[in-house]
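To start, the structure under review is shown below, and the notes come after it.
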Amino acid sequence: TCALPICFGLLNDMRSNKPAFPLMVEAYLALSYPKAQMKSRSDIPSIPHPSLHVDLINQGKALERLGLNRARPVLVLCPGAEFGPAKRWPEGHYAVVAQKHLDEGWQVWIFGSGKDVEVANTIRDRINPLSRPNCHVLAGKTSLHEAIDLMALAGRVIANDSGLMHVAAALNRPLIGVYGSTSPLYTPPLADRVEIVHTDIECRPCFKRTCKFGHLKCLIELMPQQVIEAGKRLERSESEDLVIALQPVAEPATGGEGQ
């Protein structure tokens, strides 16, 4: 038997001013305040970025169990999307970007649930056989806690608009968010080290699980080179931040002997 109390809640506070809160997180946060107090997004206090903490002991155990190492920088791919195929960037596009990184000395870790194993294996199968030993399919092989701990080691993450994209953001990993039918103006990754890529075809964002036209152009026409260029922008940003951090701090002026 379970000794824990069972609690029930009823949410019957209807809000009809959804356009006043463009971000999903704003709309939910507004519900925690009295209706009369929340007229628009300007009434919401500042929203802190989410942050996840890493269990280093479990991280080490997961590395050992899965036969992983940190000899090369890690590119994490998150090619799944529980929402539906209108969020999933093509496997062939992911493979092109993965191969580019492998050729530059990276290793690739592909994350996802058991439902993403087929997609992950398709990506790996399209990798040059000589590079495949450095491409690891972790989809279906980790718990969520292990995925979080391992993703914390990523030098870069490329993810569809999915739960794992937001995990990467909460870990403050350099992140490229790939958007198809959805919009970063509604569910953006809440982090600073982010590049967003999407097409600008007229039918997106439609927020549909499947493409009503059957062409998935918002994903197919989002070419690998766009993601590669986004990675270069992240690199430049990281380099600029490092230069600023290494700049010497000026010593405060001191008075002379006669002062």
Side-chain angles (χ1 to χ4, degrees), residues 1-55 78 80-88 111-113 115 143-149 151-152 154 157-212 218 230 234 237 241:
T1 60
C2 179
L4 295 176
I6 299 177
C7 299
F8 297 91
L10 175 63
L11 182 62
N12 57 3
D13 183 2
M14 296 294 293
R15 307 280 175 102
S16 59
N17 58 344
K18 183 178 178 181
F21 303 96
L23 298 182
M24 178 186 286
V25 67
E26 293 173 340
Y28 280 110
L29 185 57
L31 289 173
S32 65
Y33 291 87
K35 186 175 183 178
Q37 188 178 338
M38 290 288 113
K39 301 296 185 182
S40 71
R41 68 190 309 180
S42 62
D43 297 318
I44 299 176
S46 62
I47 302 174
H49 290 168
S51 179
L52 289 171
H53 298 282
V54 176
D55 187 323
C78 304
E82 189 69 22
F83 181 79
K87 271 191 177 185
R88 290 200 292 266
F111 283 87
S113 69
K115 297 178 182 179
S143 66
L144 178 57
H145 288 164
E146 288 176 322
I148 291 170
D149 292 337
M151 195 180 294
V157 179
I158 302 172
N160 299 329
D161 178 17
S162 62
L164 287 177
M165 179 190 75
H166 294 289
V167 166
L171 289 168
N172 197 31
R173 295 295 80 212
L175 170 63
I176 301 171
V178 181
Y179 281 77
S181 69
T182 54
S183 171
L185 299 179
Y186 185 51
T187 54
L190 301 178
D192 296 320
R193 306 161 78 185
V194 175
E195 285 287 334
I196 300 296
V197 292
H198 59 77
T199 59
D200 291 316
I201 63 173
E202 62 181 10
C203 59
R204 77 157 297 278
C206 67
F207 297 99
K208 301 296 184 182
R209 294 178 183 272
T210 58
C211 178
K212 63 182 179 180
C218 64
L234 280 175
S237 177
D241 289 344

Query - Shortest non-hydrogen separation from Met165 to Asn160 and the atoms involved - result: CB-O, 3.2 Å
Query - Distance, nearest 0.5 Å, that separates CD of Glu26 from OG of Ser42 - result: 10.0 Å
Query raised in the report: Any side-chain heavy atom of Arg41 within less than 4.5 Å of one from Pro22?
Result: yes
Query raised in the report: For Asp149, which residues count as a salt bridge (Lys or Arg N to Asp or Glu O under 4.0 Å) partner, sequence neighbours excluded?
Result: none
Query raised in the report: Below 4.5 Å, heavy atoms only, C-beta onward: do Val167 and Phe111 meet side chain to side chain?
Result: no
Query raised in the report: Side chains of Leu23 and Pro188: does their closest heavy-atom pair fall under 4.5 Å?
Result: yes
**Report entry** Partner set under side chain to side chain contact (heavy atoms under 4.5 Å, CB included) for His49, not counting sequence neighbours
**Finding:** Leu190, Asp192
Requested in this report: Mind checking side chain to side chain contact (heavy atoms under 4.5 Å, CB included) for Gln37 and listing every partner two or more places apart, or none if nothing turns up?
Outcome: Tyr33, Pro34
**Report entry** Partners passing side chain to side chain contact (heavy atoms under 4.5 Å, CB included) against Ser113 (at least two apart in sequence or in another chain)
**Finding:** Lys115, Asp116
What side-chain donor-acceptor pairs closer than 3.5 Å can you find for residues 205-212, not counting sequence neighbours?
residue	atom	partner	partner atom	Å
Arg209	NH1	Phe83	O	2.8

Query - Minimum-distance pair of heavy atoms, taken over all atoms of Val194 and Pro189 - result: CG1-CG, 3.6 Å
Requested in this report: Kindly give the heavy-atom pair with the smallest separation between Arg204 and Cys218, and that separation in Å.
Outcome: CD-CB, 3.9 Å
**Report entry** Rounded distance [0.5 Å steps], NE2 in His198 versus CG in Asp161
**Finding:** 11.5 Å
Query raised in the report: What distance do His145 atom NE2 and Leu52 atom CG have between them, rounded to the nearest 0.5 Å?
Result: 9.5 Å
Atom pairs and distances, donor-acceptor, side-chain atoms in residues 169-180, under 3.5 Å, two or more places apart:
residue	atom	partner	partner atom	Å
Arg173	NH1	Ala154	O	2.8
Tyr179	OH	Thr187	O	2.6

Query raised in the report: Below 4.5 Å, heavy atoms only, C-beta onward: do Met151 and Cys78 meet side chain to side chain?
Result: yes
Query raised in the report: Are any non-hydrogen side-chain atoms of Val25 and Tyr28 less than 4.5 angstrom apart?
Result: no
Query - Rounded distance (nearest 0.5 Å) linking atom CZ of Arg193 with atom OG of Ser237 - result: 8.5 Å
